Structure formats: C-alpha cells, structure tokens
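Working notes for the structure below.
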2 protein chains.
Amino acid sequence: MPDSTFPEVRSLDLFADMSDENYAKLMRGAYLQTFPPHVDLIGEGEDADFLHVLVSGAVDLFSSWSNRETSVMIVKPVSTFILAATIRDARYLMSARTMEKSRIVMIPSQDVRAIFDLDAGFARAVVVELAACYRSVIKTTKNLKLRTALERLANYLLSRSQDHDGALNFVLDLEKRQLASVLGMTPENLSRAFKALQAYGVQVNGENVVINNMDDLQTFAKPTSLIDDNRT
Amino acid sequence: MPDSTFPEVRSLDLFADMSDENYAKLMRGAYLQTFPPHVDLIGEGEDADFLHVLVSGAVDLFSSWSNRETSVMIVKPVSTFILAATIRDARYLMSARTMEKSRIVMIPSQDVRAIFDLDAGFARAVVVELAACYRSVIKTTKNLKLRTALERLANYLLSRSQDHDGALNFVLDLEKRQLASVLGMTPENLSRAFKALQAYGVQVNGENVVINNMDDLQTFAKPTSLIDDNRT
DNA sequence: ATACCCGCTTGATAAATATCAAGTGATGAC
DNA sequence: GTCATCACTTGATATTTATCAAGCGGGTAT
C-alpha cells in the first residue's frame, strides 16, 4: 500500500476498501488533533460537522437530561464515533469528552457524504459499520430492559474475562463510577453489587477482579451472544 | 413510473431511488404473505434469511431472556424491519410476531446484499435508513437510562399528542400491556402511572386519553427532540 | 512527613418498581 | 340472558435502586 495520511485510520475496516484516490480526497480536509484528559469535544444538540476517529486514548459518549447524566458508551481506539449523525447531516445525540489524553482525526462531514457517493467500497463499509453499531445498541437496550443491575454487572465481568481470553483475573478498564454509569446504576449501587457477587465467587480489590468460580458466575449471569457478544 | 411489483414497497424511501431494473431484480425472489394476528414470524437467534417489509397490519419486535420478555419496538406500515441483520448476514436479535392481521413482503437477504452492490441509489438509501434506525435506538437508550417510568409515560403521551397535530385528546394506539412492555414497566405499574399523571391533568378512560393541561404535563415531562423526536 | 483531595465504600433511609393475589368490567360464545 | 374470558385495575407487600450522609484510604502537593 502506498503512503497515506493517518495510516491508523486507513487500516480501519471503514476506510480499508476505498481507492487511494478517494481516501486522499477524504483526508484532504481532515486534521489530527491531540486533546488533554477530561476535555469536552462535542455537546449533544450541536451540528455534526465532523466525523471523529479516535486514534489513541479514550472517549466517553454521554448524555444529559434534567440534571441527570449517563454514559451511553465508551469509545476505544481505533474507531470512529458519531457516524450516524454525520451521514444524516443531523445533530449529535450524545456529548463527547476525552477520558485520557487522546489523538483524534476529524474529517469534515460533507466530505464523508461526498466520497460516500463516489466510492462504492466506502459505501459498503459504511453500511456494514452502521449495521454493527445498530445491533450493538439493540443489545444495550435488551441488557437494560431484561436484566437487573446485578445481572448486568455479572455479565459485564464475564465479557471482560472473554476479552482476556477467558482469564480468571483481570483489571477493570474503567473507573468504577464510569462503569456504574455505563451499566445504568449509581456508584453506591455498583459497590454493593460487587459485594453481592462475592456469593458467586467474585473478588474485587481496587481495579483487580478475580473470578473464583466461573461456573457459578455463569449460572447466575446467563450470558447470551444475543446480548453480550459485541462481535456478532 | 412504470408498473412495479408491490407498489407500496417501491414508494418507500428505501426503494424509491433505485433503478426500475434493479428493483425488478430485487423483487424477483420476493413474495407477499398474509398472516393472521398473533403469529410468530421470527425467533431471535435465527439466521436473517429475509428482509421483511410490513405493508399492512402491525408487528411486535420483542426479546426474551431468562423467563422475561420485553417489547423492543413496534413496527407500523409501511416500513422494513431487521435491515441490519440482513446487511450483516447475521442472526436476528429480536423475535417478531404479528399484532393484527398483517401483509408482509419478504425479500431474500442475499438479493438485498447483491443489489446493494449494484445500485448506488439503493446503497445510499440503505445507509440513510440504517443511520435513522441507529439514532432511534440511541434515543431509546437515553429514555431508559435518564428517565423514570412515569417520565417515560408522560413523554410518550406528549409524542402521541404530537402525532395527532398536538390534539389534546386521542386514542392509544397500543394495548396497555403492550405499551407497558415498550416503556419498560409492568402493566400494574403502568396503571398506577396513569393515575399519577392525573396530578398533571391527564385523564385516561379505556383507550381514550385527554390532556387537560398541556403546560403542566410538559413542565413535568420535559420533552426534548434529542430523545422524543423520532424524525431528526 | 503532613494534610488534603478524591474516589470509593458503608450505613440508614427513601423512592421506584415488581410481584402476588384478588377484584372489576367489558366482550363474546353459547 | 348467562357464563366465561381476558385485559385491566387495585391493594398489600417485597425487591430493587437511589439518595443522603459519613467514613475510609490511597495518592499527591507542599
């Protein structure tokens, strides 16, 4: 492959299938920016002028209403965020802030839409990506409506274990209050939920998690790929 | 426009922009089927062999886990459902059943994917549709995580009022137990929630709803287009 | 080293929501 | 017309979750 701007971006599924020419066009107006931790990037309700690609760091997509706030999802590198708003030329539904120092490529939304019309490979990739995002949020909805907070936590831990090749001990990748918000509960409630999972052999010490009895935990959590597997 | 198979389908946004030739190809393997009320169409976990287009009637998309069941969304005509699974050649994340007598056009998924590659207009329409679906589910998630059941109900009533050009009285379009499931609460809780909204001037008699004091209800419900407007 | 901050925990209590059981009322079958 | 069915309602109670208020403890700045 010839040189390209932002090679990390080029190798993303979303951009891998397009022609070099169209990729170059798309990146002509794009720029890379580095942000410190805890910086607001986007406010919900604003116009989606840019498609964002997180190259390194971590970003929290959250939403507020009537004095309440919740984290809708966490974005980890390398991936895009708020593709749907860009495509529809609509307003952001979520706010975004960096969680740590982050490098982000910003691509003007109008260029994304223009190249979409020019490049069939890109168009296909956008559709596949959007369909995956859609399915992921459907799973979130099922998780919220069908499970209690304790069950959501148990399944979260099983998922993280899977991420580590089924390891029985691992480190939480989120601060606990952040995790509480993602799971749709308060930090106090999360604290108690961790204690309640001791009954199923889960030990938590700071950010370290040990699963002493995988069978017990699975029997309680009843994980299913139709909710918990983010790949399918 | 020349004659086309399933004119109701042809005029959908999703199919309006494609060439007559490709539309004909897409519909070659499609067939229309009529189902009685309360018939299971799809079970979650099955392979997405067909894209479904609801031409008349109503369909409930629901999901089950561990002895619990919840209605994720209701599909009204004319619209497609489970587009994302079709695109990704994946398994259905939701089950589907008819709520009333329904006519449904079923299009083989492989044809959808094939024509997608051939027809740029169709590809664009799929992307726009999927982006809309994605944003709609994000709104559902915000609704669930940021609001209590009472607040969800209040905003639901305001939305239905909007659907009727802001009318102060209208008829519920769902059975109450169905509505309870969509809103993520039990039928008993919904019954009490209706009574609680009397304090804000809402009167419910059977399926008839009267909003006596729109200001009061809005002050309580705090509707926002970033959650409650399904068009943007 | 000391003091402070901050995230987390814990306890007590309140609010929201679900469950179980019984009752009401409309609708439809016979 | 009577009975049965079914959705809905109502009441009593249990569970889940949130709120408020301290307290704990590891890290950091000075």
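All chains are named by letter (A, B, ...) in the order of the sequence lines, taking the proteins before the strands, and each is independently numbered beginning at 1. Please read these numbers as outputs of a predicted model, since none were measured by experiment.
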Against the side chain of B:R192, the closest entry in D:dG11, D:dT17, C:dG11 is D:dG11
Rounded to whole Å, how long is the line connecting atom CG of B:L183 with atom C1' of C:dA16?
15 Å
Whole Å only: how far is the CG atom of B:L150 from the P atom of C:dT17?
8 Å
Angle by which the axis turns from one end of the helix from C:dA1-D:dT30 to C:dC30-D:dG1 to the other, five pairs per end, to 10 degrees
30°
Distance-only donor-acceptor test, A:E188 side-chain atoms vs C:dC8 base atoms, 3.5 Å:
no
What one should report as the nearest heavy-atom pair of B:R147 and B:T224 is NH2-CG2, 3.9 Å
What is the distance, rounded to the nearest whole Å, between atom CD of B:E175 and atom P of D:dT9?
12 Å
Classify the ring geometry of B:Y200 against B:F220: parallel below 30°, tilted from 30° to 60°, perpendicular beyond 60°.
parallel
B:K195 side chain, from C-beta outward: closest of D:dA18, D:dT10, C:dT17:
D:dT10
Please give, in whole Å, the distance from D:dG25 P to A:N205 CG?
12 Å
Shortest non-hydrogen contact from B:K76 to B:D173?
NZ-O, 3.5 Å
5'-most contact on DNA chain D: A:G184 or B:R177, nearest heavy atom basis?
B:R177
Would you say a side-chain N or O of B:S191 is under 4.0 Å from OP1 or OP2 of D:dC8?
no
What is the distance, rounded to the nearest whole Å, between atom NZ of A:K176 and atom P of C:dT10?
9 Å
Return the value, rounded to whole Å, for the distance between atom CZ of A:R147 and atom P of D:dT17.
13 Å
Report, as yes or no, whether the 6.0 Å neighbourhood of atom CG on A:N205 holds more than 12 heavy atoms from other residues, nucleotides or ligands.
no
Scan side-chain atoms only and decide if B:Q178 and B:S71 contain a donor-acceptor pair under the 3.5 Å cut-off.
yes
Starting at CD of A:E151 and ending at P of C:dA18, how long is that distance when rounded to a whole Å?
13 Å
In this structure, how many angstroms lie between the C1' atom of C:dT9 and the CG atom of A:N189, rounded?
13 Å
Would you say that more than 12 heavy atoms from the other residues, nucleotides or ligands in this model lie under 6.0 Å from the CG of B:N67, or not?
no
Heavy atoms from C-beta onward define the side chain here; which of D:dT16, D:dC8, C:dA18 lies closest to that of B:T186?
C:dA18
Cation-pi check, A:R160 to A:Y156: give yes when NZ or CZ is under 6.0 Å from the six-membered ring centre and within 45° of the ring axis, no otherwise.
yes
